[in-house]
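Take a look at the structure below.
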Amino acid sequence: MARFYITTPIYYVNDAPHVGHAYTTVVADALARWHRLAGDDVLFLTGTDEHGQKVAEAAARHGTTPQAWTDQTAARFHDAWDALNVDYDDFIRTTEPRHHETVQRFLSTIYDNGYIYKGLYRGLYCVSCEDYYTLEASAQGRCPVHGQLLTEMEEENWFFRLSAFEERLRDYYDQHPDFVTPETKRNEAYAFIAGGLKDISITRTSIDWGIPVPWDPAHVFYVWYDALINYLTAIGYGREDSSVATWWPVSHHLIGKEIIRFHCVWWPAMCLAAGLEPPHHVQVHGWLLVGGQKLSKTMAAEGAVRLTDIAPVTLIEEFGVDPLRYYLLRETALGNDGEFSYEGIIQRYNVDLANNLGNLLARVVRVVETKCAGLAPAPPALAELRAPAADAGARAREAWERFAPHAALEATWSLIGATNAFLERHAPWKMEPGGALEAVLGEALEALRIVAILVSPAMPAVSDEIWRRLGLAGSPTEAGLAGLAWGQSPGGARLEAGPALFPRIVSPS
RNA sequence: AGGGCCGUAGCUCAGUGGUCAGAGCAGGGGACUCAUAAUCCCUGGGUCGUGGGUUCGAUCCCCACCGGCCCUACCA
C-alpha cells in the first residue's frame, strides 16, 4: 500500500489564525484527503510552534506563564482547523514532552557527530526591531527597516556547522531534482547553497522559554531549531524508530515561500548531520496578496491592509466552509502568489459553485422528478459523457499527484461543463418518457456521481450532500478512486431536490 | 543595501527559441426555458513591464532600468 506523510509548518502561537494559515492548512488537508481517496495510508500533521522570546514576552504581558499562554493560543489553531473541516491525524505542540525528547535526541546525535561547537555570535542589534542584523543585511550599519544606527553586541552560543554541508546538499539536490518544487523555488534554494553557507547559531542564553541544550543547560535551542524537528517528533524519532522508517521516506513538507531557507537548506543539512536522509519532498507555495500587497503584520500595523486580521471564521460565516476551501484551492496555482479578494470569492462562488455545479444538480434532479417520478435511471454503458468523465478523473489524479489542486479542480469542472452542454444538446425536458429520456438523465446523474467523488478532497461536506441527494449508498470517500469508473450507479434511487446547494450571492457589499 | 522571484487581453492567471500567443471571468451577438435571471453556441485581437544585446528569428536567452514581492536570527 502506498503511503503519504504530509505536514504543514507549525504555526507560531503568537499569531491569530488568519487566511494565510488557512490557505496552507486547507491545501494540506485536500492533499491528504485525495490520498486517502486513493487508498493510501496517510499521516497528516499540523501543529503549533510555542517557544521563543516573543511567546515568553507575550505571556508576561498577559500576566501569565508561557505554558498557560500557549495552552490558550494553541487552542485557537485547532479550533480554526475544526471549523474548516480540516481532518488532521496529529496536532503537535512543541511544548509537549514527546517533542522535548525527540529534539534532545536528535540534536545530541548531531553534537556527537561533531557538527555542533561553541562559538561567539557577534551581531548588529536594532533596538526598535529587537533583532540582530548581519553587516551584509544592514544598510551601511543602519537598520534596513528603521534606518537607525545598529549597536554591536555579542553572545556566546552553540553553532551548527552548516558550512560542512554545502557539497552534500548540492549533491542531494543534483540527485533529487524533485526534492523542492516548483522548480523556481528549487533554483532559489540551490542558488543560496551554491552561494556559500555559513555556520549558524542555534542556541540562546538570553531566554529560557525553550528546550534546554542537554549538554549545556544554560542554553536553550533557538526556536527554529526545535521547530523543524517536529516533523520527526510526530513519527517517533528517538522513540519508535520503526515508525520513522515507515513515514520519513514518504514525507512531504508543505511550506510558504518565506521559509524556504529553513526547510530547504538548514533542515536537510540537520538531517544529514544526524545521519538521516533529508525529507523526501518540500512543496513551496506562494502568498495570498491583497491589492498587490502582502498580508503581513507589518502592513497591518501600518494600516495599509488588515487582512491578517481576517479570521477564517469570518469568511466561513459569510461564504460557508466548502466555498472558502474551494476558493483557496482553485484560485491560484500552488507555488505562485495569488490575489485574494472578496470579489474573487464571490465570483468563484457564483460562477463555479452556484451556476455550474449547484444549478446542474438542481436542473437534473428537477427533470427526473417531473419525468421519472423522482427515480434515478441507471447510466447507459454507451454514453457520451463516459470519455469526458474518464478524462476529468485522469487529469484530476495527475494534478493532485503533482500538488496542483487548482488543476485538479479545473479538470473536475470540465466534466461539469460537459454535462451542462450535454443537457442542452439533448434537452431531456422536451423528451417523451421512455428509454431515450432515461438514458440522457442516467448519464447526467452518473456524471454528477463522479463529480461528487472528484470534488470531495476540496469540499467534503458538499460532496457528501450531493451523494445523499442522488440517493446513493455509502459515501464518496468510501467509493474512492475505484468509484470513478463509469456505470456504478445501480439506478432506481429516489432523488432528493432540497434547497439550492449554493444560493447565489446577489448583492456583494 | 545585498541575494532571489515576478511583471502576458478590462480582471485573475496559463504558456512556448520560430506556422495566426492561450483559458476563465467580465463585455458583445444569438439560442433555449429543465434550472439558483441559471445553461448552451459564437465573438472580441493584448507594444507578452521599459531600453539595449545575443540569434537567421525572442514574449520565452543575456544585461540595465522601472515596478511588485520574498529572504537577510518573528512570520502560511
Side-chain angles (χ1 to χ4, degrees), chain A residues 8-9 11-12 14-15 17-28 49 52-55 121 123 125 129-142 144 157 184-185 187-189 191-192 195 200-202 204 222-225 254-262 284-289 292-298 308 330-333 336-339 341 343-344 347-348 350-356 358-371 406-407 410 413 417 419-425 427-430 441 499-506:
Chain A
T8 71
Y11 306 114
Y12 205 61
N14 268 18
D15 293 326
H18 64 251
V19 189
H21 299 119
Y23 176 53
T24 310
T25 311
V26 164
V27 169
D49 183 9
Q53 187 178 2
K54 310 250 179 207
V55 170
Y121 179 76
Y125 189 81
C129 295
E130 298 180 24
D131 262 331
Y132 282 104
Y133 290 92
T134 59
L135 188 58
E136 306 85 73
S138 74
Q140 295 171 327
R142 289 176 176 276
N157 286 160
T184 57
K185 304 301 184 192
N187 293 343
E188 203 170 321
F192 181 78
I200 41 187
S201 152
I202 62 169
R204 299 287 184 273
Y222 167 54
V223 258
W224 263 108
Y225 265 74
L254 180 65
I255 66 163
K257 67 179 183 182
E258 80 286 359
I259 50 180
I260 286 178
R261 178 163 312 179
F262 303 117
V284 183
H285 71 248
W287 275 35
L288 300 179
L289 306 175
Q293 296 178 320
K294 65 170 182 170
L295 290 69
S296 74
K297 280 189 281 190
T298 314
T308 43
R330 176 60 233 269
E331 190 65 9
T332 57
N336 297 339
D337 288 351
E339 198 75 20
S341 67
E343 293 78 6
Q347 179 170 300
R348 282 291 174 197
N350 278 342
V351 175
D352 293 0
L353 300 181
N355 296 355
N356 292 341
N359 183 57
L360 172 61
L361 178 66
R363 67 194 303 206
V364 173
V365 170
R366 176 69 181 153
V367 180
V368 172
E369 261 184 353
T370 57
K371 300 260 180 178
H406 70 292
E410 190 176 20
W413 257 253
T419 306
N420 271 320
F422 167 81
L423 290 174
E424 292 297 325
R425 277 198 306 279
W429 45 88
K430 287 202 275 196
L441 293 173
L501 208 52
F502 304 101
R504 276 180 67 83
I505 298 172
V506 179

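Reminder, nothing fancy here: chain letters follow the sequence lines and each chain counts from 1.
- Look at A/Arg363 and you won't find any side-chain N or O under 4.0 angstrom from OP1 or OP2 of B/rU36.
- As rounded to the nearest Å, B/rC6 and B/rC13 have P atoms that lie 14 Å from one another.
- A donor and an acceptor atom, one from each side chain of A/Thr332 and A/His406, are nowhere located under 3.5 Å apart.
- Judged purely by distance below 3.5 Å, without hydrogens or angles, the side chains of A/Tyr11 and A/Thr25 pair a donor atom with an acceptor atom.
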Item to check | Secondary-structure string, 5' to 3', Watson-Crick or G-U under 3.5 Å, | for another-strand partners, for RNA chain B | outcome: (((((((..((((....[...)))).(((((.......))))).....(((((..]....))))))))))))....
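- Residue contacts for A/Tyr11: at a heavy-atom cut-off of 4.0 Å it reaches the sugar-phosphate backbone alone, with no base atom in range.
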Next on the checklist: Could you walk me through whether A/Arg348 and A/Arg330 satisfy the side-chain contact (heavy atoms from CB on, under 4.5 Å) test, starting with their C-alpha distance in whole Å, then the side-chain angles of each, then the deciding distance to 0.1 Å, before giving a yes or no?
Outcome noted: CA-CA 9 Å; A/Arg348 282 291 174 197; A/Arg330 176 60 233 269; 3.4 Å; yes
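- Here the side chain of A/Gln347 is nearest to one of B/rA35, B/rC25, B/rA76, namely B/rC25.
- Each of A/Arg366 and A/Lys257 was matched to the nucleotide of RNA chain B holding its nearest heavy atom; the match closer to the 5' end belongs to A/Arg366.
- Nucleotides of RNA chain B nearest to A/Lys430 and A/Ala500 differ in position, and the one nearer the 5' end is that of A/Lys430.
- An OP1 or OP2 oxygen of B/rC74 is reached within less than 4.0 angstrom by no side-chain nitrogen or oxygen of A/Asn14.
- With hydrogens and angles ignored, no donor-acceptor pair under 3.5 angstrom links the side chain of A/Asn359 to the base of B/rA38.
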